[in-house]
Amino acid sequence: CPDFSGRVICVLIGKLKNKIWRRRMKIIMLGAPGAGKGTQAKKIAAQYSIPHISTGDIFRANIKNNTELGQKAKTYMDKGELVPDSLVVDLIMDRFKEADCANGYVLDGFPRTIPQAEALDNALKANGEKVDFAINVEVPDENIINRMSGRRACVGCGATYHIKYNPTKVEGVCDACGEKLILRDDDKPETVKNRLSVYHEQTQPLIDYYNKAGVLAEVDGTKDMEDVFKDIVNILGK
Ligand code: ADP
Ligand code: ADP
Ligand code: ZN
């Protein structure tokens with residue numbers, strides 16, 4: 001009977017739509033420098049099979065390869081200031097065109113200003129899309145200096161560790177690729193203080209922005225890494 005088969009087709013299409021929708025995860029990580037955005041973003045990327053896009057990592061790769069973009073970005077990064085919006089927005093828009101972004105992505109370190117958030121919204125809107133989740137990893141300023149001074153980054157693959165909370169098997173050597181670990185120049189306490197004030201002034205307003213958009217979720221970033229991740233999975237769904 002056509003009515004019945006029509007209904008069956010409708011249900012099937014609905015299910016398929018749900019499946020595609022669930023897989024299209026566009027996630028933003030918010031939080032102070034050192035809150036654990038990168039740590040959690042890597043876990044999210046692995047769990048949901050979406051790319052982890054870190055603007056900081058992209059800039060650091062450009063600095064390492066001595067590109068024009070890297071040279072421009074370095075002058076701001078060394079001072080703990082933000083790279084100008086125009087440089088960041090073009091870069092991220094190009095990244096979205098890559099095939100691995102088809103099912104969504106987890107953005108770590110972007111957007112960092114209201115104009116960046118608006119540029120992202122406009123680009124998504126043009127395709128009938130939107131940000132699905134903005135996850136704010138909350139860590140008080142008092143904990144941040146400690147987190148940053150203990151952070152170690154691999155010069156080879158960019159993996160991050162912490163001398164106390166996430167140590168490597170062999171001190172100073174990356175577990176993943178065997179290269180040496182460094183303390184990032186901008187993780188030294190003088191620069192971290194400036195980055196924190198830049199964060200409060202320019203990035204923290206995004207919490208309100210995404211709250212108003214109805215996509216904000218907050219997690220307590222002072223918990224153990226694994227517990228923070230469990231809280232995030234509860235928000236995103238299994
Ligand atoms: P953290 O992991 O500590 O939050 P990132 O690696 O994300 O730091 O960023 C390092 C630096 O790169 C920032 O201090 C800033 O200078 C620059 N940067 C990264 N992302 C952006 C962005 N979206 N807008 C402007 N500057 C950025
Ligand atoms: P962000 O990307 O927000 O700048 P990271 O993910 O790089 O932050 O984390 C900053 C430092 O703190 C790293 O050394 C990381 O290993 C460590 N870290 C991350 N999450 C936690 C946590 N929940 N508890 C303790 N240390 C953490
Ligand atoms: Zn490595």
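Side chains are part of it too, since the values below use all heavy atoms of this structure and drop only hydrogens, waters and symmetry mates. All ligand and atom numbering here is 1-based and tracks the order in the structure.
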- prompt: If we only count heavy atoms from C-beta on, is the Tyr48 to Val233 side-chain gap below 4.5 Å?
  reply: yes
query: Going hydrophobic residue to hydrophobic residue with side-chain gaps under 4.5 angstrom, can you get from Phe229 over to Met225?
result: no
- prompt: Are Glu68 and Lys72 close enough for a salt bridge, meaning some N to O gap below 4.0 Å?
  reply: yes
query: So does Asp187 pair up with Arg195, basic N to acidic O under 4.0 Å?
result: yes
query: Would you say Val215 and Ile53 are hydrophobically clustered, going by side-chain heavy atoms of ILVMFWY under 4.5 Å?
result: yes
- prompt: Under 3.5 Å, is there a donor-acceptor pair between the side chain of Arg152 and the main chain of Ile163?
  reply: no
field: Backbone or side-chain N or O of Val83 under 3.5 Å from ligand 1 N or O
entry: yes
message: Within ligand 1, which atoms have a heavy atom of Arg60 less than 4.0 Å away?
response: 6 (O), 10 (C)
field: ligand 1 versus Val88: contacting region, heavy-atom distance under 4.0 Å
entry: side chain
message: Pairs of nitrogen or oxygen atoms closer than 3.5 Å, one from Gln116 and one from ligand 1: do any exist?
response: yes
query: Ignoring hydrogens and geometry, is there a side-chain-to-backbone donor-acceptor pair from Thr191 to Gly80 under 3.5 Å?
result: no
query: Is a side-chain donor-acceptor pair under 3.5 Å present for His200 with Asp141?
result: yes
Residues, nucleotides or ligands: over 12 heavy atoms within 6.0 Å of Lys42 NZ: yes
- request: Report, as a single number, the protein N, O or S atoms less than 2.8 Å from the Zn ion (ligand 3).
  value: 4
- line: Which of Val106, Asn136, Leu107 passes side-chain contact (heavy atoms from CB on, under 4.5 Å) with Met29? It is Val106
query: Hey, is Lys125 close enough to Asp121 for a salt bridge, meaning N to O under 4.0 Å?
result: no
query: With the threshold set at 4.0 Å, does a side-chain nitrogen-carboxylate oxygen contact exist between Arg95 and Asp100?
result: yes
Atom pairs and distances, ligand 2 N/O vs protein N/O under 3.5 Å:
unit_1, atom_1, unit_2, atom_2, d
ligand 2, 2 (O), Gly38, N, 2.8
ligand 2, 3 (O), Gly34, N, 3.4
ligand 2, 3 (O), Ala35, N, 3.2
ligand 2, 3 (O), Gly36, N, 3.0
ligand 2, 3 (O), Lys37, N, 2.8
ligand 2, 3 (O), Lys37, NZ, 2.8
ligand 2, 4 (O), Gly34, N, 2.8
ligand 2, 4 (O), Arg151, NH1, 2.9
ligand 2, 6 (O), Gly38, N, 3.4
ligand 2, 6 (O), Thr39, N, 2.8
ligand 2, 6 (O), Thr39, OG1, 2.5
ligand 2, 7 (O), Arg151, NH1, 2.6
ligand 2, 8 (O), Gly36, N, 3.1
ligand 2, 14 (O), Tyr161, O, 2.7
ligand 2, 23 (N), Lys223, O, 2.8
ligand 2, 23 (N), Met225, N, 3.4
ligand 2, 24 (N), Arg147, NH2, 3.3
ligand 2, 26 (N), Arg147, NE, 3.4

statement: If we number the atoms of ligand 1 from 1 as shown, the ones under 4.0 Å from a heavy atom of Thr55 are 19 (C), 20 (N), 21 (C), 23 (N)
Heavy-atom side-chain proximity of Tyr209 to Ile114 below 4.5 angstrom: yes
message: Test of understanding: given a 4.0 Å heavy-atom threshold, classify the contact between Glu81 and ligand 1 as side chain, backbone, both, or neither.
response: backbone
query: Which atoms from ligand 1 have a heavy atom of Met77 less than 4.0 Å away?
result: 11 (C), 12 (O), 16 (O), 17 (C)
